[in-house]
Amino acid sequence: MPGITQVSSNKCFGGFQKVYSHESEELKCKMNFSVYLPPKAEDAGVKLPVIYWLSGLTCNEQNFIQKAGGQKLAASHGFIIVCPDTSPRGCNIEGEEDSWDFGTGAGFYVDATEEKWKTNYRMFSYITKELPLLISANFPADPSLMSIMGHSMGGHGALVCALKNPGLYKSVSAFAPICNPVNCPWGEKAFSGYLGSDKNLWKEWDAACLAATYHGPPLQIFVDQGEEDQFLKDGQLLPDNLVESCAKAGVPIILRKQAGYDHSYYFIATYLEDHISHHAKFLQ
């Protein structure tokens, strides 16, 4: 396959869970991504829908494929699921390894504008431009049938990728997303580092702000939030702010608050089938 190297391959629910590496043009470093190929991928001439999963802080391409149980669902629907890493790796930028919520493992799915970070930390362009082209070139993927979802920082990423690219994704969903990063500690730290001090620029990477001005094809947002999520209680996630913005702009949103559930993959695994079914309505 041009431009990618297989790292691992494991048969799973009749298909294959694979991991590949490649040299990213956007990020100027070696990146890993995982791809689940359902049994249908072996049919001659087939082109399948693709769902992109964006993981959260400290995660990589492995978390979803090891913990969420998505392969069985993807196999039954005939979906390819692609999981990129959460940041560039090994760029030797001073400070990129200093904290768990900024730098390595915490790319926040933005295109950085600050001098120190702007060469490598271009996760938004990587996710929305480079990676889909790579997937379409190497796998039986239909580039006209893409959806996106994610968790926490990755939920923020999924929402921003969809809202900033009207029509690119058929649907979007998120688990416990960082909905209004301009108003939470995680977002303030990341955005000031990657984007600088201009808070008007921050709004261009904030789902609640983007939803308020969304103009594009109909996009139904689907969000699950655990009520025992400590990060919700700490004011990091702010889902009600997203709902308020969507209401003002007429953007359909379903926010389900799930009693007793926290921020973990136990929560994701419990409700992942509902999210895959949500995407299936728009991908079939």
Look up atom OG1 in Thr270 and atom CZ in Phe175, then write down how far apart they are to the nearest 0.5 Å. 8.5 Å
Using 0.5 Å steps for rounding, measure from the CG atom of Leu163 to the CG atom of Leu210. 5.5 Å
Leu27 and Cys91 have their tightest heavy-atom pair at O-SG, 4.4 Å
Taking only residues two or more places apart in sequence, or in another chain, which ones meet [X] in a side chain to side chain contact (heavy atoms under 4.5 Å, CB included)?
X	value
Ala208	Asn180, Asp206, Ser245
Lys189	Ser99, Asp101, Phe102
Leu168	Thr128, Met146, Asn165
Lys257	Glu227, Asp240, Leu255

Enumerate the side-chain hydrogen bond (donor to acceptor under 3.5 Å, both in side chains) contacts for residues 42-52, please, sequence neighbours excluded, ordered by first and then second residue. none
Filter on side-chain hydrogen bond (donor to acceptor under 3.5 Å, both in side chains), then keep only pairs touching residues 6-15, sequence neighbours left out; what's left? Gln6-Lys18, Gln6-Tyr20, Ser9-Lys18
Which pairs count as salt bridge (Lys or Arg N to Asp or Glu O under 4.0 Å) when at least one residue sits in [range], sequence neighbours excluded?
range	value
residues 263-284	Arg256-Asp274
residues 118-137	Glu26-Arg122, Asp111-Arg122, Glu115-Lys118
residues 80-89	Asp85-Arg89

Report yes or no: does [X] contribute a side-chain atom to a donor-acceptor pair with the main-chain N or O of [Y] at less than 3.5 Å?
X	Y	answer
Glu204	Leu201	no
Tyr261	Ser264	no
Lys67	Gln62	no
Ser34	Glu61	yes

Surrounding [atom1] of [X] (heavy atoms of other residues, nucleotides or ligands, distance under 6.0 Å), is the total greater than 12?
X	atom1	answer
Lys164	NZ	yes
Glu114	CD	yes
Lys30	NZ	no
Glu94	CD	no

Going only through I, L, V, M, F, W and Y residues with side-chain contacts under 4.5 Å, is there a path from Trp186 to Leu238? no
When hydrophobic residues are tied together by side-chain contacts of less than 4.5 Å, even through go-betweens, does Phe64 share a cluster with Leu73? yes
Does any part of the side chain of [Y], heavy atoms only, come nearer than 4.5 Å to the side chain of [X], both counted from C-beta?
X	Y	answer
Tyr126	Met31	yes
Phe139	Leu37	yes
Pro177	Val223	yes
Ile51	Leu283	yes
Asn63	Asn60	yes
Val110	Met123	no

Could you tell me how the ring of Trp117 sits relative to the ring of Tyr194: parallel (under 30°), tilted (30 to 60°) or perpendicular (over 60°)? perpendicular
Once the angle between the rings of Phe33 and His22 is folded into 0 to 90°, is it parallel (under 30°), tilted (30 to 60°) or perpendicular (over 60°)? perpendicular
Modelled atom types, side-chain donor and acceptor of Ser55 and Trp53, under 3.5 Å: yes
If we count only N and O atoms by modelled type, under 3.5 Å, do the side chains of Ser173 and His278 hold a donor and an acceptor together? no
May I ask you to check whether Trp205 and Tyr109 place their ring centers less than 6.0 Å from one another? no
By side chain to side chain donor-acceptor pair (under 3.5 Å), Tyr271 pairs with (sequence neighbours left out) Gln258
Side-chain hydrophobic cluster, 4.5 Å single linkage: members besides Leu133: none
Would you be so kind as to tabulate the donor-acceptor pairs closer than 3.5 Å made by side chains of residues 149-156, with sequence neighbours excluded?
unit_1	atom_1	unit_2	atom_2	d
His151	NE2	His263	O	2.9
Ser152	OG	His263	NE2	2.9
His156	NE2	Phe108	O	2.9

Glu228 and Lys233: salt bridge (charged side-chain N to carboxylate O under 4.0 Å, His left out), yes or no, with the steps? CA-CA 8 Å; Glu228 293 304 312; Lys233 298 177 180 181; 2.9 Å; yes
